[in-house]
Amino acid sequence: MTLRPSFLLHAGLGALLACTVQAADVTPGEEAISTVLARGIAPPRMAPPRGDEAEGPFQRLVIANANLVDGTGAPPRGPVSIVIENDRIVDIRGGGTAGIHGGDNSWGSNTRVIDASGQYVLPGLIDAHAHLGTPSHAAAGALTDPEYVLKLWLAHGVTTVRDVGAMMGLGWTVQHKQRSAKGEISAPRMVVHSMFPESMASPEAARKWVRAVNKRGADGVKFLGASPALIEAAMDEAQKLDMKTAYHHAQLSVTGTNVLDSARMGLDSMEHWYGLPEAMFEDRVIQDYPYDYNYSNEQDRFGEAGRLWLQAAAPGSERWQATIDELIALDFTLDPTFTIYEAARDVMRARNAPWHADYTMPYILRAFEPSPEVHGSFFFDWTTADEVAWKRNYQRWMQFVNDYKNAGGRVTAGSDAGFIYKIYGFAYVRELELLQEAGFHPLEVLKSATLNGAELLGMAEDIGSVEIGKKADLVIVNENPVANFKVLYGTGHLKLNDDTHTLERTEGIRYVIRDGIVFDKNKLLEDVRELVAAQKAAEKAAKTGP
(Lines give C-alpha, C1' and ligand atoms only; values in the text may rest on other atoms or scores of the structure.)
Protein backbone atom coordinates (compact mmCIF):
# COMPACT_ATOMS: atom_id res chain seq x y z
CA MET A 1 0.00 0.00 0.00
CA THR A 2 1.42 3.41 -0.99
CA LEU A 3 0.82 6.21 1.51
CA ARG A 4 0.77 9.86 0.56
CA PRO A 5 2.23 12.35 3.07
CA SER A 6 -1.28 13.10 4.40
CA PHE A 7 0.07 11.04 7.24
CA LEU A 8 -2.40 11.40 9.88
CA LEU A 9 -5.48 11.66 11.74
CA HIS A 10 -8.94 10.39 11.53
CA ALA A 11 -9.45 9.24 7.93
CA GLY A 12 -5.72 9.29 7.24
CA LEU A 13 -4.76 7.83 10.61
CA GLY A 14 -7.36 5.10 10.38
CA ALA A 15 -5.91 3.89 7.09
CA LEU A 16 -2.39 4.27 8.42
CA LEU A 17 -3.04 2.23 11.54
CA ALA A 18 -4.92 -0.38 9.58
CA CYS A 19 -1.92 -1.07 7.35
CA THR A 20 0.87 -0.70 9.92
CA VAL A 21 -0.56 -2.80 12.72
CA GLN A 22 0.01 -5.94 10.70
CA ALA A 23 3.78 -5.39 10.69
CA ALA A 24 5.33 -7.75 13.22
CA ASP A 25 8.14 -5.33 14.03
CA VAL A 26 5.86 -2.44 15.07
CA THR A 27 5.61 -2.08 18.83
CA PRO A 28 2.02 -1.54 20.07
CA GLY A 29 1.46 2.17 20.55
CA GLU A 30 4.03 3.15 17.91
CA GLU A 31 1.94 2.45 14.79
CA ALA A 32 1.52 6.01 13.54
CA ILE A 33 4.92 7.50 14.31
CA SER A 34 6.81 4.44 13.05
CA THR A 35 5.31 4.88 9.59
CA VAL A 36 6.23 8.55 9.55
CA LEU A 37 9.80 7.90 10.72
CA ALA A 38 10.15 5.21 8.07
CA ARG A 39 9.76 7.98 5.49
CA GLY A 40 13.00 9.58 6.68
CA ILE A 41 11.53 12.24 8.97
CA ALA A 42 13.85 13.13 11.88
CA PRO A 43 12.47 11.75 15.16
CA PRO A 44 10.93 14.16 17.67
CA ARG A 45 13.32 15.56 20.26
CA MET A 46 12.78 15.41 24.01
CA ALA A 47 11.87 18.49 26.03
CA PRO A 48 14.90 19.96 27.84
CA PRO A 49 15.31 20.17 31.63
CA ARG A 50 13.44 23.00 33.30
CA GLY A 51 15.27 26.28 33.74
CA ASP A 52 14.76 29.65 35.42
CA GLU A 53 11.09 29.69 34.41
CA ALA A 54 10.39 27.35 37.35
CA GLU A 55 11.08 27.32 41.09
CA GLY A 56 10.31 24.85 43.85
CA PRO A 57 8.62 22.96 45.23
CA PHE A 58 9.17 24.72 48.56
CA GLN A 59 9.14 23.50 52.10
CA ARG A 60 6.38 26.06 52.59
CA LEU A 61 4.73 28.32 50.00
CA VAL A 62 1.95 30.80 50.76
CA ILE A 63 -0.34 32.49 48.25
CA ALA A 64 -1.43 35.44 50.37
CA ASN A 65 -4.54 37.64 50.25
CA ALA A 66 -6.08 36.25 47.06
CA ASN A 67 -9.63 35.99 45.81
CA LEU A 68 -10.36 32.29 45.46
CA VAL A 69 -12.44 30.50 42.81
CA ASP A 70 -12.22 26.93 44.09
CA GLY A 71 -13.50 24.96 41.06
CA THR A 72 -16.54 23.44 42.75
CA GLY A 73 -18.93 25.99 41.26
CA ALA A 74 -18.87 28.13 44.39
CA PRO A 75 -18.59 31.90 43.83
CA PRO A 76 -15.34 33.77 44.43
CA ARG A 77 -14.42 34.54 48.01
CA GLY A 78 -11.58 36.40 49.62
CA PRO A 79 -9.16 37.48 50.64
CA VAL A 80 -7.79 34.06 51.56
CA SER A 81 -4.27 32.77 52.03
CA ILE A 82 -3.40 29.30 50.75
CA VAL A 83 -0.64 27.45 52.57
CA ILE A 84 1.31 24.81 50.64
CA GLU A 85 3.92 22.42 51.95
CA ASN A 86 5.93 20.69 49.23
CA ASP A 87 3.22 19.62 46.75
CA ARG A 88 0.06 19.75 48.94
CA ILE A 89 -2.35 22.39 50.20
CA VAL A 90 -2.26 22.18 53.99
CA ASP A 91 -4.35 25.20 54.99
CA ILE A 92 -6.68 27.87 53.64
CA ARG A 93 -7.05 30.87 55.88
CA GLY A 94 -9.70 33.58 55.73
CA GLY A 95 -12.64 34.03 53.40
CA GLY A 96 -15.32 33.96 56.05
CA THR A 97 -16.62 30.46 55.22
CA ALA A 98 -17.32 27.92 57.94
CA GLY A 99 -14.57 25.34 58.11
CA ILE A 100 -11.96 27.65 56.63
CA HIS A 101 -9.15 28.20 59.09
CA GLY A 102 -8.51 31.57 60.70
CA GLY A 103 -5.49 32.75 62.61
CA ASP A 104 -2.71 35.19 61.99
CA ASN A 105 -0.57 35.39 58.88
CA SER A 106 2.84 34.87 60.46
CA TRP A 107 4.36 32.45 58.00
CA GLY A 108 7.81 31.83 59.43
CA SER A 109 11.28 32.34 58.04
CA ASN A 110 11.46 29.36 55.66
CA THR A 111 8.41 30.40 53.65
CA ARG A 112 8.17 31.68 50.08
CA VAL A 113 5.27 34.15 49.97
CA ILE A 114 3.51 35.33 46.81
CA ASP A 115 1.41 38.39 47.57
CA ALA A 116 -1.75 37.97 45.50
CA SER A 117 -3.63 40.98 46.89
CA GLY A 118 -6.46 41.89 44.52
CA GLN A 119 -5.67 38.90 42.32
CA TYR A 120 -7.58 35.67 41.68
CA VAL A 121 -6.57 32.06 42.26
CA LEU A 122 -8.08 29.19 40.27
CA PRO A 123 -7.43 25.44 40.41
CA GLY A 124 -4.99 24.25 37.77
CA LEU A 125 -6.88 23.83 34.49
CA ILE A 126 -7.31 20.41 32.86
CA ASP A 127 -7.19 19.99 29.07
CA ALA A 128 -9.19 16.80 28.55
CA HIS A 129 -8.36 16.49 24.84
CA ALA A 130 -4.74 17.30 24.09
CA HIS A 131 -1.94 16.12 21.81
CA LEU A 132 1.75 16.59 22.61
CA GLY A 133 2.32 17.29 18.95
CA THR A 134 1.18 15.47 15.84
CA PRO A 135 3.02 13.71 13.01
CA SER A 136 0.86 15.63 10.53
CA HIS A 137 3.11 18.66 11.06
CA ALA A 138 5.95 16.71 9.46
CA ALA A 139 4.33 17.15 6.07
CA ALA A 140 4.84 20.89 6.54
CA GLY A 141 8.46 20.68 7.62
CA ALA A 142 9.03 19.22 11.09
CA LEU A 143 7.65 17.13 13.89
CA THR A 144 6.24 19.22 16.72
CA ASP A 145 8.65 20.62 19.31
CA PRO A 146 7.49 19.31 22.73
CA GLU A 147 9.10 22.17 24.70
CA TYR A 148 7.01 24.61 22.66
CA VAL A 149 3.77 22.76 23.38
CA LEU A 150 4.42 22.11 27.07
CA LYS A 151 5.32 25.72 27.86
CA LEU A 152 2.32 27.09 25.99
CA TRP A 153 0.03 24.81 28.01
CA LEU A 154 1.54 25.91 31.30
CA ALA A 155 1.50 29.59 30.33
CA HIS A 156 -2.28 29.35 29.90
CA GLY A 157 -2.88 27.74 33.28
CA VAL A 158 -3.10 24.13 32.10
CA THR A 159 -1.55 21.91 34.79
CA THR A 160 -2.96 18.55 33.62
CA VAL A 161 -3.49 17.19 30.11
CA ARG A 162 -5.05 14.01 28.79
CA ASP A 163 -3.07 13.11 25.67
CA VAL A 164 -5.63 11.20 23.63
CA GLY A 165 -3.64 9.14 21.15
CA ALA A 166 0.07 9.46 21.98
CA MET A 167 0.47 10.03 18.25
CA MET A 168 4.15 10.94 18.50
CA GLY A 169 4.76 7.48 19.93
CA LEU A 170 3.62 5.92 23.19
CA GLY A 171 7.15 5.44 24.50
CA TRP A 172 8.13 9.05 23.77
CA THR A 173 4.91 10.40 25.31
CA VAL A 174 5.22 8.27 28.45
CA GLN A 175 8.80 9.46 28.88
CA HIS A 176 7.54 13.05 28.98
CA LYS A 177 4.85 12.02 31.45
CA GLN A 178 7.44 10.45 33.74
CA ARG A 179 9.86 13.36 33.52
CA SER A 180 7.04 15.79 34.25
CA ALA A 181 6.00 13.79 37.33
CA LYS A 182 9.58 14.01 38.63
CA GLY A 183 9.68 17.77 38.08
CA GLU A 184 12.53 17.45 35.60
CA ILE A 185 10.85 19.43 32.80
CA SER A 186 8.46 22.38 32.63
CA ALA A 187 5.26 20.56 31.81
CA PRO A 188 1.73 19.84 32.96
CA ARG A 189 0.90 16.51 34.58
CA MET A 190 0.16 14.03 31.80
CA VAL A 191 -2.39 11.24 31.39
CA VAL A 192 -1.68 9.18 28.26
CA HIS A 193 -4.14 7.29 26.03
CA SER A 194 -2.79 5.13 23.21
CA MET A 195 -4.56 5.12 19.81
CA PHE A 196 -6.34 1.88 19.00
CA PRO A 197 -5.58 0.56 15.48
CA GLU A 198 -8.74 0.15 13.42
CA SER A 199 -7.74 -3.15 11.84
CA MET A 200 -7.17 -6.23 13.97
CA ALA A 201 -7.22 -9.92 13.12
CA SER A 202 -9.64 -10.84 15.90
CA PRO A 203 -11.14 -9.68 19.21
CA GLU A 204 -8.38 -11.59 21.01
CA ALA A 205 -5.79 -9.62 19.02
CA ALA A 206 -7.51 -6.42 20.19
CA ARG A 207 -7.30 -7.58 23.81
CA LYS A 208 -3.62 -8.48 23.36
CA TRP A 209 -2.90 -5.00 21.99
CA VAL A 210 -4.62 -3.34 24.98
CA ARG A 211 -2.59 -5.45 27.40
CA ALA A 212 0.61 -4.51 25.55
CA VAL A 213 0.06 -0.73 25.67
CA ASN A 214 -0.99 -0.98 29.30
CA LYS A 215 2.28 -2.71 30.11
CA ARG A 216 4.16 0.07 28.29
CA GLY A 217 2.56 2.75 30.48
CA ALA A 218 -0.65 3.81 28.75
CA ASP A 219 -3.33 5.06 31.13
CA GLY A 220 -6.11 4.57 28.62
CA VAL A 221 -7.20 3.84 25.05
CA LYS A 222 -8.45 6.26 22.40
CA PHE A 223 -10.73 4.84 19.69
CA LEU A 224 -11.45 6.23 16.23
CA GLY A 225 -13.38 3.25 14.98
CA ALA A 226 -13.22 -0.45 14.17
CA SER A 227 -15.74 -3.25 13.90
CA PRO A 228 -18.11 -3.41 16.89
CA ALA A 229 -16.64 -6.76 17.96
CA LEU A 230 -13.12 -5.31 18.13
CA ILE A 231 -14.27 -2.21 19.99
CA GLU A 232 -16.23 -4.24 22.52
CA ALA A 233 -13.32 -6.61 23.17
CA ALA A 234 -10.81 -3.76 23.56
CA MET A 235 -13.17 -1.79 25.78
CA ASP A 236 -13.75 -4.80 28.02
CA GLU A 237 -10.03 -5.50 28.32
CA ALA A 238 -9.32 -1.85 29.16
CA GLN A 239 -11.90 -1.95 31.94
CA LYS A 240 -10.34 -5.11 33.39
CA LEU A 241 -7.01 -3.26 33.51
CA ASP A 242 -8.59 -0.14 35.07
CA MET A 243 -7.76 1.89 31.97
CA LYS A 244 -9.86 4.85 30.83
CA THR A 245 -11.40 5.07 27.36
CA ALA A 246 -12.17 7.88 24.91
CA TYR A 247 -13.80 7.65 21.47
CA HIS A 248 -13.91 9.87 18.41
CA HIS A 249 -16.75 8.13 16.56
CA ALA A 250 -15.50 8.54 13.00
CA GLN A 251 -18.08 8.46 10.23
CA LEU A 252 -16.45 5.39 8.72
CA SER A 253 -17.61 3.30 11.69
CA VAL A 254 -20.49 5.23 13.25
CA THR A 255 -23.20 3.16 11.57
CA GLY A 256 -21.85 0.20 13.56
CA THR A 257 -21.09 2.00 16.83
CA ASN A 258 -22.71 5.31 17.72
CA VAL A 259 -22.39 7.10 21.06
CA LEU A 260 -25.17 5.16 22.77
CA ASP A 261 -23.66 1.87 21.60
CA SER A 262 -20.22 2.69 22.99
CA ALA A 263 -21.59 4.23 26.19
CA ARG A 264 -23.45 0.99 26.87
CA MET A 265 -20.12 -0.84 26.48
CA GLY A 266 -18.71 1.31 29.28
CA LEU A 267 -17.00 4.13 27.35
CA ASP A 268 -15.83 6.95 29.64
CA SER A 269 -15.99 9.90 27.22
CA MET A 270 -16.95 10.83 23.71
CA GLU A 271 -14.73 13.32 21.89
CA HIS A 272 -16.11 16.13 19.73
CA TRP A 273 -19.68 15.23 18.72
CA TYR A 274 -19.54 12.58 16.00
CA GLY A 275 -21.82 9.66 16.77
CA LEU A 276 -24.18 11.70 18.92
CA PRO A 277 -26.52 13.08 16.22
CA GLU A 278 -26.51 9.60 14.64
CA ALA A 279 -27.77 8.17 17.95
CA MET A 280 -30.74 10.53 17.66
CA PHE A 281 -31.76 9.93 14.05
CA GLU A 282 -35.53 9.45 13.76
CA ASP A 283 -36.22 9.37 10.01
CA ARG A 284 -32.98 7.86 8.75
CA VAL A 285 -30.22 5.44 9.71
CA ILE A 286 -27.33 6.93 7.73
CA GLN A 287 -26.30 10.56 7.37
CA ASP A 288 -27.72 12.23 4.24
CA TYR A 289 -24.52 12.15 2.21
CA PRO A 290 -24.43 13.67 -1.31
CA TYR A 291 -24.13 10.94 -3.91
CA ASP A 292 -20.63 12.07 -4.92
CA TYR A 293 -19.33 12.33 -1.32
CA ASN A 294 -15.82 11.04 -0.59
CA TYR A 295 -14.78 10.87 3.09
CA SER A 296 -11.10 11.05 2.11
CA ASN A 297 -11.75 14.45 0.54
CA GLU A 298 -11.68 16.52 3.70
CA GLN A 299 -13.77 19.36 2.29
CA ASP A 300 -16.50 16.79 1.67
CA ARG A 301 -16.03 15.37 5.13
CA PHE A 302 -16.12 18.64 7.06
CA GLY A 303 -18.60 20.33 4.77
CA GLU A 304 -21.21 17.63 5.33
CA ALA A 305 -20.34 17.27 9.03
CA GLY A 306 -21.54 20.86 9.38
CA ARG A 307 -24.97 19.81 8.17
CA LEU A 308 -25.38 16.77 10.44
CA TRP A 309 -26.98 18.07 13.64
CA LEU A 310 -30.08 19.33 11.79
CA GLN A 311 -30.70 15.75 10.61
CA ALA A 312 -31.11 14.52 14.20
CA ALA A 313 -34.03 14.75 16.62
CA ALA A 314 -35.13 18.25 17.56
CA PRO A 315 -34.18 19.85 20.88
CA GLY A 316 -36.59 18.94 23.65
CA SER A 317 -38.02 16.00 21.70
CA GLU A 318 -38.59 12.64 23.33
CA ARG A 319 -35.56 11.16 21.54
CA TRP A 320 -33.36 14.12 22.51
CA GLN A 321 -34.29 13.87 26.19
CA ALA A 322 -34.10 10.06 26.27
CA THR A 323 -30.54 10.23 24.92
CA ILE A 324 -29.53 12.71 27.63
CA ASP A 325 -31.16 10.64 30.35
CA GLU A 326 -29.50 7.39 29.31
CA LEU A 327 -26.03 8.89 28.95
CA ILE A 328 -26.27 10.51 32.38
CA ALA A 329 -27.43 7.22 33.90
CA LEU A 330 -24.27 5.65 32.42
CA ASP A 331 -22.07 8.33 34.09
CA PHE A 332 -20.94 9.39 30.63
CA THR A 333 -18.77 12.43 29.87
CA LEU A 334 -19.09 14.83 26.93
CA ASP A 335 -15.77 16.37 25.87
CA PRO A 336 -17.05 18.65 23.10
CA THR A 337 -13.89 20.51 21.95
CA PHE A 338 -15.97 23.33 20.44
CA THR A 339 -12.79 25.26 19.70
CA ILE A 340 -11.27 22.87 17.16
CA TYR A 341 -14.05 23.26 14.59
CA GLU A 342 -14.52 26.99 15.02
CA ALA A 343 -12.68 27.86 11.82
CA ALA A 344 -15.42 26.06 9.91
CA ARG A 345 -17.87 28.77 10.96
CA ASP A 346 -15.44 31.70 10.46
CA VAL A 347 -12.18 30.78 8.79
CA MET A 348 -11.03 34.40 8.50
CA ARG A 349 -11.17 34.84 12.29
CA ALA A 350 -9.13 31.70 12.91
CA ARG A 351 -6.55 32.43 10.22
CA ASN A 352 -5.88 35.93 11.56
CA ALA A 353 -5.68 35.24 15.29
CA PRO A 354 -3.29 37.79 16.85
CA TRP A 355 -1.01 35.21 18.46
CA HIS A 356 0.05 33.58 15.19
CA ALA A 357 2.75 36.20 14.56
CA ASP A 358 4.85 35.44 17.65
CA TYR A 359 3.57 32.15 19.00
CA THR A 360 2.85 29.88 16.02
CA MET A 361 5.67 27.74 14.66
CA PRO A 362 6.11 28.37 10.91
CA TYR A 363 5.73 24.69 10.03
CA ILE A 364 2.48 24.53 12.02
CA LEU A 365 1.16 27.62 10.24
CA ARG A 366 1.98 25.99 6.89
CA ALA A 367 0.20 22.81 8.01
CA PHE A 368 -2.95 24.87 8.60
CA GLU A 369 -3.11 26.20 5.05
CA PRO A 370 -5.42 24.39 2.59
CA SER A 371 -3.75 21.20 1.42
CA PRO A 372 -4.99 17.74 0.46
CA GLU A 373 -1.83 16.37 2.11
CA VAL A 374 -2.47 17.49 5.71
CA HIS A 375 -5.38 16.60 7.99
CA GLY A 376 -7.69 19.47 8.94
CA SER A 377 -6.44 21.77 6.17
CA PHE A 378 -9.61 21.47 4.16
CA PHE A 379 -10.64 25.02 3.19
CA PHE A 380 -10.18 24.39 -0.53
CA ASP A 381 -13.32 26.27 -1.58
CA TRP A 382 -14.98 27.22 1.71
CA THR A 383 -18.13 29.17 1.05
CA THR A 384 -20.54 31.43 2.91
CA ALA A 385 -23.04 28.56 2.77
CA ASP A 386 -20.53 26.25 4.49
CA GLU A 387 -19.95 28.76 7.29
CA VAL A 388 -23.67 29.40 7.75
CA ALA A 389 -24.31 25.65 7.95
CA TRP A 390 -21.62 25.30 10.60
CA LYS A 391 -23.05 28.21 12.62
CA ARG A 392 -26.41 26.45 12.67
CA ASN A 393 -24.66 23.19 13.51
CA TYR A 394 -23.03 24.88 16.51
CA GLN A 395 -26.35 26.25 17.74
CA ARG A 396 -27.90 22.78 17.90
CA TRP A 397 -24.70 21.14 19.25
CA MET A 398 -24.27 23.78 21.94
CA GLN A 399 -27.89 23.41 22.99
CA PHE A 400 -27.45 19.67 23.50
CA VAL A 401 -24.28 20.15 25.57
CA ASN A 402 -25.94 22.84 27.70
CA ASP A 403 -29.06 20.70 28.19
CA TYR A 404 -26.82 17.80 29.19
CA LYS A 405 -25.06 19.94 31.77
CA ASN A 406 -28.35 21.29 33.10
CA ALA A 407 -29.69 17.75 33.52
CA GLY A 408 -26.66 16.84 35.66
CA GLY A 409 -24.34 15.42 33.01
CA ARG A 410 -20.58 15.86 33.11
CA VAL A 411 -18.99 18.14 30.50
CA THR A 412 -15.25 18.74 30.31
CA ALA A 413 -13.00 21.25 28.53
CA GLY A 414 -10.66 20.03 25.78
CA SER A 415 -8.86 21.85 22.97
CA ASP A 416 -7.49 19.30 20.41
CA ALA A 417 -4.98 22.01 19.43
CA GLY A 418 -2.41 21.57 16.68
CA PHE A 419 -4.96 21.45 13.87
CA ILE A 420 -7.27 23.85 12.01
CA TYR A 421 -5.59 27.12 13.11
CA LYS A 422 -5.70 26.21 16.81
CA ILE A 423 -2.57 26.77 18.90
CA TYR A 424 -1.80 25.07 22.20
CA GLY A 425 -2.95 27.00 25.26
CA PHE A 426 -4.66 29.74 23.27
CA ALA A 427 -7.16 27.19 21.94
CA TYR A 428 -7.92 26.01 25.47
CA VAL A 429 -8.86 29.50 26.63
CA ARG A 430 -11.07 29.82 23.56
CA GLU A 431 -12.81 26.58 24.58
CA LEU A 432 -13.76 28.24 27.87
CA GLU A 433 -15.27 31.16 25.96
CA LEU A 434 -17.24 28.81 23.71
CA LEU A 435 -18.63 26.88 26.69
CA GLN A 436 -19.91 30.22 27.97
CA GLU A 437 -21.42 30.90 24.54
CA ALA A 438 -23.18 27.52 24.81
CA GLY A 439 -25.01 28.77 27.90
CA PHE A 440 -22.69 27.87 30.77
CA HIS A 441 -22.24 30.39 33.59
CA PRO A 442 -18.50 31.20 33.89
CA LEU A 443 -18.40 29.30 37.19
CA GLU A 444 -19.90 26.28 35.38
CA VAL A 445 -17.23 26.67 32.71
CA LEU A 446 -14.48 26.64 35.32
CA LYS A 447 -15.99 23.58 36.98
CA SER A 448 -15.90 21.82 33.59
CA ALA A 449 -12.27 22.89 33.20
CA THR A 450 -11.22 21.69 36.65
CA LEU A 451 -13.28 19.38 38.87
CA ASN A 452 -15.19 17.73 36.01
CA GLY A 453 -11.93 16.99 34.22
CA ALA A 454 -10.48 15.51 37.39
CA GLU A 455 -13.54 13.28 37.81
CA LEU A 456 -13.20 12.02 34.23
CA LEU A 457 -9.56 11.14 34.87
CA GLY A 458 -10.37 9.46 38.18
CA MET A 459 -8.13 11.99 39.95
CA ALA A 460 -10.65 14.14 41.84
CA GLU A 461 -9.17 13.16 45.21
CA ASP A 462 -5.95 14.91 44.23
CA ILE A 463 -6.73 17.66 41.71
CA GLY A 464 -9.58 19.69 40.23
CA SER A 465 -10.42 22.00 43.14
CA VAL A 466 -8.63 24.11 45.72
CA GLU A 467 -9.09 22.16 48.95
CA ILE A 468 -6.98 21.23 51.94
CA GLY A 469 -5.19 17.94 51.25
CA LYS A 470 -5.22 18.25 47.47
CA LYS A 471 -2.26 18.79 45.17
CA ALA A 472 -0.99 22.35 44.88
CA ASP A 473 -2.18 22.99 41.32
CA LEU A 474 -3.10 26.68 41.08
CA VAL A 475 -3.34 29.57 38.63
CA ILE A 476 -2.74 33.12 39.87
CA VAL A 477 -4.44 35.75 37.69
CA ASN A 478 -4.11 39.52 37.96
CA GLU A 479 -7.73 40.09 36.94
CA ASN A 480 -11.09 38.41 37.41
CA PRO A 481 -11.44 35.54 34.90
CA VAL A 482 -15.05 34.96 35.95
CA ALA A 483 -15.85 38.39 34.53
CA ASN A 484 -13.75 37.89 31.40
CA PHE A 485 -12.01 34.74 30.19
CA LYS A 486 -9.96 36.83 27.75
CA VAL A 487 -7.63 37.77 30.60
CA LEU A 488 -6.31 34.18 30.48
CA TYR A 489 -4.87 34.53 26.96
CA GLY A 490 -1.10 34.71 26.78
CA THR A 491 -1.35 37.82 24.64
CA GLY A 492 -3.51 39.50 27.28
CA HIS A 493 -6.71 41.48 26.92
CA LEU A 494 -6.94 44.83 25.11
CA LYS A 495 -8.59 47.47 27.28
CA LEU A 496 -9.02 51.24 26.87
CA ASN A 497 -7.16 53.38 29.39
CA ASP A 498 -9.70 56.03 30.34
CA ASP A 499 -6.98 58.51 31.26
CA THR A 500 -4.77 58.24 28.17
CA HIS A 501 -7.46 57.11 25.69
CA THR A 502 -5.09 54.42 24.42
CA LEU A 503 -5.48 50.66 24.24
CA GLU A 504 -3.41 48.72 26.73
CA ARG A 505 -2.81 45.00 27.17
CA THR A 506 -3.58 43.58 30.58
CA GLU A 507 -1.26 40.92 31.96
CA GLY A 508 -3.72 38.20 33.01
CA ILE A 509 -2.04 35.06 34.36
CA ARG A 510 1.05 35.74 36.50
CA TYR A 511 2.05 32.37 37.97
CA VAL A 512 1.04 28.78 37.38
CA ILE A 513 1.69 26.20 40.09
CA ARG A 514 1.78 22.43 39.54
CA ASP A 515 2.68 20.04 42.36
CA GLY A 516 3.99 23.03 44.30
CA ILE A 517 6.38 24.05 41.48
CA VAL A 518 5.93 27.73 40.61
CA PHE A 519 6.14 28.60 36.91
CA ASP A 520 6.58 32.21 35.80
CA LYS A 521 4.13 32.80 32.95
CA ASN A 522 6.15 35.67 31.50
CA LYS A 523 9.32 33.59 31.30
CA LEU A 524 7.43 30.67 29.77
CA LEU A 525 6.06 32.88 27.00
CA GLU A 526 9.46 34.49 26.46
CA ASP A 527 10.90 31.01 25.91
CA VAL A 528 8.15 30.20 23.42
CA ARG A 529 8.73 33.40 21.46
CA GLU A 530 12.44 32.58 21.29
CA LEU A 531 11.72 29.05 20.06
CA VAL A 532 9.46 30.39 17.30
CA ALA A 533 11.95 33.08 16.31
CA ALA A 534 14.79 30.54 16.20
CA GLN A 535 12.75 28.21 13.99
CA LYS A 536 11.96 31.05 11.60
CA ALA A 537 15.62 32.05 11.47
CA ALA A 538 16.73 28.47 10.82
CA GLU A 539 14.23 28.09 7.99
CA LYS A 540 15.31 31.40 6.46
CA ALA A 541 18.96 30.39 6.65
CA ALA A 542 18.19 27.03 5.06
CA LYS A 543 16.55 28.82 2.14
CA THR A 544 19.19 31.46 1.56
CA GLY A 545 22.26 29.39 2.42
CA PRO A 546 25.48 30.58 4.07
Side-chain angles (χ1 to χ4, degrees), residues 69-74 122-130 158-162 164 191 193 219-223 235 238-239 242-249 258-276 279-280 320-340 397-416 428 431-432 434-467 470 473:
V69 182
D70 66 14
T72 66
L122 310 175
L125 304 174
I126 299 171
D127 191 335
H129 190 116
V158 175
T159 57
T160 301
V161 297
R162 181 179 63 151
V164 279
V191 175
H193 284 33
D219 302 296
V221 178
K222 159 80 174 295
F223 298 96
M235 196 97 62
Q239 290 162 2
D242 198 27
M243 299 174 75
K244 295 288 186 178
T245 52
Y247 199 158
H248 168 140
H249 297 75
N258 64 36
V259 166
L260 282 175
D261 295 324
S262 57
R264 290 163 185 160
M265 294 177 191
L267 179 68
D268 291 303
S269 71
M270 61 165 288
E271 308 306 301
H272 319 306
W273 52 267
Y274 309 106
L276 186 50
M280 295 189 293
W320 177 282
Q321 193 58 48
T323 302
I324 289 174
D325 292 344
E326 182 173 358
L327 291 176
I328 289 175
L330 292 167
D331 193 28
F332 194 70
T333 300
L334 304 187
D335 188 36
T337 69
F338 289 126
T339 184
I340 195 57
W397 177 20
M398 285 179 161
Q399 185 168 352
F400 185 92
V401 173
N402 195 47
D403 285 356
Y404 192 75
K405 175 263 298 178
N406 288 341
R410 184 185 303 109
V411 178
T412 53
S415 67
D416 197 16
Y428 186 81
E431 181 69 8
L432 306 186
L434 290 167
L435 284 165
Q436 185 172 353
E437 180 184 328
F440 287 45
H441 186 281
L443 291 171
E444 293 176 326
V445 174
L446 290 172
K447 186 171 182 285
S448 289
T450 57
L451 189 56
N452 286 6
E455 289 176 353
L456 170 63
L457 299 178
M459 301 173 72
E461 290 186 1
D462 279 330
I463 64 172
S465 58
V466 182
E467 298 181 57
K470 287 197 172 185
D473 284 15

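This one's a predicted model, so the numbers in the text were calculated from it and none came from an experiment. The first residue of the sequence shown is numbered 1, and numbering continues consecutively from there.
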Tell me, do [X] and [Y] make a side-chain contact under 4.5 Å, heavy atoms counted?
X	Y	result
Ile463	Lys470	no
Asn258	His249	no
Phe400	Ile324	yes
Met265	Tyr247	no
Val191	Lys244	no
Asp331	Arg410	yes
Thr339	Asp416	no
Leu330	Arg264	yes

Minimal non-hydrogen separation, [X] against [Y], with atom names:
X	Y	result
Glu444	Gly439	OE1-O, 4.3 Å
Lys405	Val411	CB-CG2, 4.2 Å
Glu431	Pro336	OE2-CG, 4.0 Å
Val161	Ala130	CB-CB, 3.9 Å
Ser448	Leu435	CB-CD1, 4.4 Å
Ala449	Tyr428	CB-OH, 3.2 Å

So how far is it from [X] [atom1] to [Y] [atom2], rounded to the nearest 0.5 Å?
X	Y	atom1	atom2	answer
Thr412	Leu457	OG1	CG	8.5 Å
Leu334	Trp397	CG	CH2	10.5 Å
His193	Asp219	NE2	CG	7.5 Å
Leu267	Phe332	CG	CZ	4.5 Å
Ser465	Leu122	OG	CG	12.5 Å
Leu456	Ile126	CG	CD1	9.0 Å

For Leu276 and Leu327, run side-chain contact (heavy atoms from CB on, under 4.5 Å): C-alpha distance rounded to whole Å, both residues' side-chain angles, the deciding distance at 0.1 Å, then the answer. CA-CA 11 Å; Leu276 186 50; Leu327 291 176; 4.1 Å; yes
Measure the acute angle between the ring planes of Tyr274 and His272, then classify it against the limits of 30° and 60° as parallel, tilted or perpendicular. perpendicular
Mind checking what makes side chain to side chain contact (heavy atoms under 4.5 Å, CB included) contact with Lys447, not counting sequence neighbours? Leu451, Asn452
Stepwise side-chain contact (heavy atoms from CB on, under 4.5 Å) test for Leu434 and Met398: CA-CA 9 Å; Leu434 290 167; Met398 285 179 161; 4.1 Å; yes
Gln321: which residues meet the side chain to side chain donor-acceptor pair (under 3.5 Å) condition with it, sequence neighbours left out? Asp325
Gln239 meets the side chain to side chain donor-acceptor pair (under 3.5 Å) criterion, sequence neighbours left out, with none
Between Leu125 and Thr450, is a side-chain contact (heavy atoms from CB on, under 4.5 Å) present by the stated rule, with each step listed? CA-CA 5 Å; Leu125 304 174; Thr450 57; 3.9 Å; yes
So does Gln436 have more than 12 non-hydrogen atoms from other groups sitting under 6.0 Å from CD? yes
Does Ser269 form a side chain to side chain donor-acceptor pair (under 3.5 Å) with Arg162? I'd like the steps, not just the answer. CA-CA 12 Å; Ser269 71; Arg162 181 179 63 151; 3.0 Å; yes
Could you check Thr333 against Asp268 for side-chain contact (heavy atoms from CB on, under 4.5 Å), going step by step and ending with a plain yes or no? CA-CA 6 Å; Thr333 300; Asp268 291 303; over 6 Å; no
